[in-house]
S.K.: 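To start, I am sharing the structure in question, which I have written as C-alpha cells.
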Amino acid sequence: MRNIFLILIVLCAPMLRAQTLPIEARVKQYCDARNYNSAISVLQGELTRSGSSPALYCNLGNVYYMAGNFGAATLNYSRALRLDPRNAQALNNLKVVRAQVQQLNEAECGDRNLDVSPASPDVMQSIGAWIASRGSNFWCVLSIVLFVLCITAVAIYLLVANVAVRKWGFFGAGALLLFSGISLGCSAVARNAVRSTGKAVVMTPTVTLKSNFAQESKDVAAPITGGTEVTVTDRRTDAAGTQWVRVYLNADYAGWLHAADVEVISVPGL
Amino acid sequence: MLLLSAPVARGAQSVSISIQPSGAVPGPGDTFYLIIDTKNVNHQPQPVTSMPGCKVLFPLQQRQMSQHTTVINGQTTMVMSASYAVTLRAETPGTYSFGPITVGGVKSNRVTYRIGNSSSRQGAPSPQPGHQGPSLSSTDNGNLFLRATVSNSSPYEQQGVEYVVRLYTSYTSIFDWTAAASPKFGNCTYDASEAVSRSLSLVEYNGRAYESAIIARYIIYPTQPGVAKILGNAYTGSVAQRFTYDDPMFGTMSRIQPKQVEARPNDIELNVKPLPPHEGLVSGVGDFRVTAQLISKTFKAHQPATVRYTISGTGNLGYLSLPDLKEIYPAEIKFIKSDDQMKKEVGASSVSGSVTFDCTVLPQRAGEFTLPKVPFLFFNPENGAYYTIETPEFHITVGEGDKSRAEEDILVFDSTFKPLGDLSRKHTLLLSYPWIWACYAAPVMLLVLLIVVYRKRMARLADINGMRMRRAGKLARKRLRKAYDAMRRSDSSRFYEEMLTALWGYIGDKLSMPTSELSRDNVSENLLQVGVSDKGVADAIDLIDTCEMAKYGSYAGADMMSVYDRGCSLINLIEKEMTPAS
C-alpha cells in the first residue's frame, strides 16, 4: 500500500509541478516547443478569467509574433502600450513588428512607386503623441504636485513678511498654477488618446484597399499586409449589409476595407 | 536603236491609298497598315505622322517599286509604280477617314476605316496544356516559329540553367516583336539576361535555312527537387511577307506585305536533382569566394560593431546565406543581425556578382576576444562536389563602453515572457476617479485653515492685556516653583518674597491692574466683579496678609508648606471661578 502511494506521488509530481509553474513559464515552454496555439490559449484563458495587464498583452504579442501573426501581435503590443505607455518591451517589439510589416508592404508594391510608410504627423499630432506617450496618470500626478507647490507658494506670499520672498511666492504661484493647468490638460489629452477608437490594425494577412465601399469598386494602390496600422476615418454599410471602414495610411493608401479585415485598437475595461 | 530613239510617253499620274488587311476591322492593340500606291509619280510620299484613332508605329516604309515599259506601234509607254506602307496600331474604336494626301502634286483618294471594340488577338487560340511543340497562329505555319532550349535539363536544385528562346523565320523582316505575357518558370526563380540578338542571322534548322535571332534569355534556378515545368510565353509582332509573281516584261517579281503574327515557344520540363546529402548548412550553389573584413576599427562593450563577409562568384546569388554566427561566435560577442546587399551581373549563361553581409555584433564586456574562422559550405554543380571556404579569424580588443547606450540603435525582438502582474478587468485612469478633485481641493482648504489660524494668532498676539491674563497662571506657577525651591532650602525670607511676587503678580495680570492700583480693597472688589467667590477673595487677602506678616514681621506661626499649598489652591480656585468673559 505504501509503495503504491509512493508510485502515485512520483507519477503525479510532474503534473503538480506543471500546474504550479507560473503562467509565463508555461507559455515559454509552449513557445520553445513551437506550440503557439497552446500558448495563446493559456494567455487568452487568463485574460478571460482574471482580466488584463500590460505584461499579459505584451506576452500575447510575443506569442503572436513568433507564430507569424503580425496583425494580432501589433494589436496586443498597442493594447499593452495603452495600459502602460512606457512599457519598454512593448515599445521595442512594436518597432520590430512595424519594421517587418513595412518591408512586407514594400514587397507587395513590387516595382510600383508607392510610399508604404505612415503619413508624417503634423506638429499638433506630434505633440499629442508625445503627451500620450507619457501616460495620463503621469500628467495627472504632475498636475497635483504642481498645484500643491502652487498653494505652498500662495501661503508663502500671504504669511511671510520678507518682501523678496513674498515676490517669489506670488510669481511662483502664478507659474505653478499655469503649469498645473497645462498638466491637467495633458492628462485629459492622454486619456482621450488611450480611449480613442480612431486607430486600427489590419488583421487579414493581405488585403487590398477599395476606392469605394463596394466590392466591385476599383483597387487602390498595392495590397497591404496584416499588422499595418491605419487611421479609421469613416464607417459605412453597403446595400448588402456589409460593414466597411475608410482607412488612411498615407496619400497613396487611402481607401475602404471590410470592417472584418481590421480591428480597432482598444482595451476592454479601460 | 529604233526603240531607244522612239519617243517615250509617260502614263497618267495617280496616287491611291488603301487600308490593309482590306475589309478587316482591327480592334484596340491590333496592327494594320495604310498602303500608298503611286503611279508615274517621281516623288516619295511624306511620312505620315498621325492618323485618327490609331498610333503610327512606322511612318513610311517602301514596299516595292517597279517600272513597266510598253511599245505599241512604235509608241513607247513607261509606267513607274511604287508602293509604301504606314504601320499603324489601332487605339480608339470608331469610324474614321483619312486623306486625301498629295504626292508630287497628285492628290489621292480618301479612305474610310473602322476600329472595332474587340481585339482580334482575344480570339486567338490559347496554348493547350501539355503543349510541347512550337506554334504559330498565322495561316502559313512554318514560316515563323519559336524554339526554347535549356543548357541543362537535369540540373541540381539551385543550379543556374540557361533558358533561351530563339526565333526562326523565313519572312523578309520582323518588327515590333514583343512578349505578350510573362514567362512561367514553375518552381524556379530567374534572372533575365540582356544578351539577346539585335539582328537576324542565317541558320539551318531541320535541313532548312531560316533567319534566326535569340529573342529572350534567362538564367533560371530550380528551387526544389522534382519536375520543374517551364511554360513558353506568347510573343506578338509583325512580319513582312514577300509575294512573288511573274511579270510579262521582267519575269519573276516580288512584293512585300506586312502581317501580324503570334507565336509561343515549346514548353520544357526539367528533372531537378536534389543536392547530395551533406552535414551542415549549405551557403550556396555555384563557384564562390569569401572575404571577411572588420568594418569597425574599435570595439567597445555594449556598442554595436560591424563585421563584413563578402561572397563573390558565379551561381545563385539570391540564395546565398550565412552560417549560424550565433553558434560560431563566442558568447561575449553577441551576434545581433545581418544586412545583405547584392550586386549582380546577369551574363549570357550565368549570373556573377557578390553579396555583402554586414553583420552587427554587440560585445558584452571588455577584454581580448577572437572572432573564429567562419566556414562557408558551397556545392559546385560543375563537378558535383562540396567545398568549404573558411574566413580568417580576427583577434579583437574590446574596450569599456557605456552600458546605458547598449543596443539603443538596434531593433532586436525581445522574446522574454514577463510575469503577468496585477490582472484587472477594469483599468481606471487617475483622472477618471472623482476623488482626484479632492487632491486639488484639500490644499486649498488647508491654506484657508492656515490663514484663519494665523490671523487669530496674530490678533491674540496684538492683545497685550489678554496675553497678560492668559499668561498669569503660567507666570504664577513659575514663581511658586521658585518659592518651593526656597522652601526646600529653608530660606523663609526668599520663600515669602517669591510667594508675594507670585500672588500680587498673578492678581495684577489676571485683573489687568497696574501695580500702583494693587491694594487689598481694589483687589477684593475686582475679584468679586470677575466672579470669584467671597471665600476665594477672603482666602486671597488672608494669604497675602500671612505672607507679608511672615516676611516683614517675625510671624513664626506660618508653616511654609501650608502657605505654599494654599497659594497653589488659590490660583487654581481663581482660574476656575473667573468667568471667561472677564
Side-chain angles (χ1 to χ4, degrees), chain A residues 22-28 31 39 43 46-47 49-56 58-59 62-63 65-66 82-83 88-90 92-93 95-100 135-141 143-144 147-152 154-155 158-159 180 184 187-188 190-191 194-195 267-270, chain B residues 182 189 192 318 336-341 360 362 404-459 461-462:
Chain A
I23 286 170
E24 61 275 12
R26 281 164 59 200
V27 168
K28 187 175 184 314
C31 287
L43 289 170
E46 198 60 25
L47 188 66
R49 203 165 35 250
S50 310
S52 58
S53 71
L56 191 150
C58 202
N59 290 346
N62 287 355
V63 181
Y65 175 82
M66 291 173 182
R82 291 257 170 133
L83 290 180
Q89 190 183 19
N92 174 76
N93 289 358
K95 276 185 196 168
V96 173
V97 182
R98 278 175 179 160
Q100 294 198 5
S136 174
N137 289 355
F138 166 81
W139 291 111
C140 190
V141 170
S143 170
I144 292 170
F147 188 75
V148 170
L149 291 174
C150 165
I151 295 297
T152 310
V154 170
L158 291 175
L159 306 179
S180 175
L184 190 63
S187 180
R191 182 188 61 178
V194 297
R195 287 179 177 175
V267 180
L270 181 64
Chain B
S182 303
T189 58
I336 304 294
K337 61 170 183 174
S338 72
D339 296 319
D340 54 288
Q341 239 184 351
T360 306
L362 197 69
S404 64
R405 283 192 56 209
E407 302 185 17
E408 69 178 9
D409 298 327
I410 304 167
L411 278 180
V412 182
F413 178 70
D414 181 359
S415 61
T416 53
F417 291 96
K418 303 261 169 69
L420 301 186
D422 295 330
L423 298 174
S424 170
R425 289 182 189 282
K426 194 165 170 61
H427 303 276
T428 310
L429 299 170
L430 279 180
L431 200 59
S432 305
Y433 286 111
W435 53 256
I436 202 71
W437 304 110
C439 295
Y440 291 92
V444 176
M445 290 167 68
L446 206 66
L447 177 69
V448 171
L449 195 69
L450 188 68
I451 290 168
V452 169
V453 170
Y454 178 77
R455 288 270 161 87
K456 275 193 172 176
R457 181 178 154 75
M458 292 308 286
L461 287 172

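Just so it is clear: chains get the letters A, B, ... in the order the sequence lines come, proteins before strands, and each one is counted from 1.
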S.K.: Heavy atoms, side chains only, cut-off 4.5 Å: are B/Leu446 and A/Ile151 in contact?
M.R.: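 No. Closest side-chain heavy atoms not under 4.5 Å.
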S.K.: Do you know which of B/Pro419, B/Cys439, B/Gly421 has the most heavy-atom pairs with chain A at a distance under 4.5 angstrom?
M.R.: B/Pro419
S.K.: Given that the side chain runs from C-beta out, which part of B/Asp414 has a heavy atom under 4.5 Å from chain A: side chain, backbone, both or neither?
M.R.: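 Interface part for B/Asp414: both.
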S.K.: Of the backbone (N, CA, C, O) and the side chain (C-beta and beyond), which part of B/Tyr454 lies under 4.5 Å from a heavy atom of chain A, both, or neither?
M.R.: side chain
S.K.: Could you check which of B/Thr428, B/Asp422, B/Ile451, B/Thr416 has the highest count of heavy-atom pairs closer than 4.5 Å to chain A?
M.R.: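 So the answer, after comparing B/Thr428, B/Asp422, B/Ile451, B/Thr416, is B/Thr416.
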S.K.: Is a side-chain N or O of A/Arg82 found less than 3.5 angstrom from the main chain of A/Pro54, in a donor-acceptor match?
M.R.: no
S.K.: What residue, out of B/Val444, B/Ile436, B/Leu429, has the most heavy-atom pairs lying under 4.5 Å from chain A?
M.R.: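 Most heavy-atom pairs within the cutoff with chain A belong to B/Leu429.
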S.K.: Given a strict heavy-atom distance threshold of 4.5 Å, which part of A/Leu56 is in contact with chain B: side chain, backbone, both, or neither?
M.R.: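 Both parts, heavy atoms under 4.5 Å.
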S.K.: Less than 4.5 Å to any heavy atom of chain B: does that hold for the side chain of A/Cys31, its backbone, both, or neither?
M.R.: side chain
S.K.: Checking heavy atoms, do the side chain of A/Cys58, its backbone, both or neither come under 4.5 Å from chain B?
M.R.: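 No part of A/Cys58 comes within 4.5 Å of chain B.
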S.K.: Which of the residues A/Leu158, A/Val194, A/Leu83, A/Val154 is involved in the greatest number of heavy-atom pairs with chain B at under 4.5 angstrom?
M.R.: A/Leu83
S.K.: A/Val97 versus chain B, heavy atoms under 4.5 Å apart: side chain, backbone, both or neither?
M.R.: neither
S.K.: Which atom names give the shortest non-hydrogen contact between A/Gly51 and B/Leu423, and what distance separates them?
M.R.: O-CD2, 3.6 Å
S.K.: Checking the side chain of A/Ser143 only, and the main-chain atoms of A/Trp139 only, is there a donor and an acceptor separated by less than 3.5 Å?
M.R.: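 Looks like no, no N/O pair under 3.5 Å.
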S.K.: Residues two or more places apart in sequence or in another chain: which of them pass ring pair (Phe, Tyr, Trp, His ring centres under 6.0 Å) with A/Tyr65?
M.R.: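 A/Phe70, B/Phe413.
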S.K.: Is it the backbone or the side chain of A/Ala88 that comes under 4.5 Å from a heavy atom of chain B, or both, or neither?
M.R.: neither
S.K.: Is there side-chain contact between A/Ser136 and A/Arg195, with heavy atoms separated by less than 4.5 Å?
M.R.: no
S.K.: If only atom types and distance count, is the side chain of A/Asn59 paired as donor or acceptor with the main-chain N or O of B/Lys418 below 3.5 Å?
M.R.: yes
S.K.: Check whether A/Ala155 gets within reach of chain B through its side chain, its backbone, both or neither, counting any heavy atom under 4.5 Å.
M.R.: both
S.K.: Need one label for A/Ile144: side chain, backbone, both or neither, based on atoms under 4.5 Å from any heavy atom in chain B.
M.R.: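 For A/Ile144, the contact with chain B is made by backbone and side chain together.
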S.K.: Output the distance between atom CG (A/Leu43) and atom OG (A/Ser52), rounded to the nearest 0.5 Å.
M.R.: 12.0 Å
S.K.: If you count heavy-atom pairs under 4.5 Å between each of A/Gln89, A/Arg49, A/Arg191 and chain B, which one has the most?
M.R.: A/Gln89
S.K.: List the steps and the verdict of side-chain contact (heavy atoms from CB on, under 4.5 Å) for A/Leu184 and B/Tyr440.
M.R.: CA-CA 11 Å; A/Leu184 190 63; B/Tyr440 291 92; 3.3 Å; yes
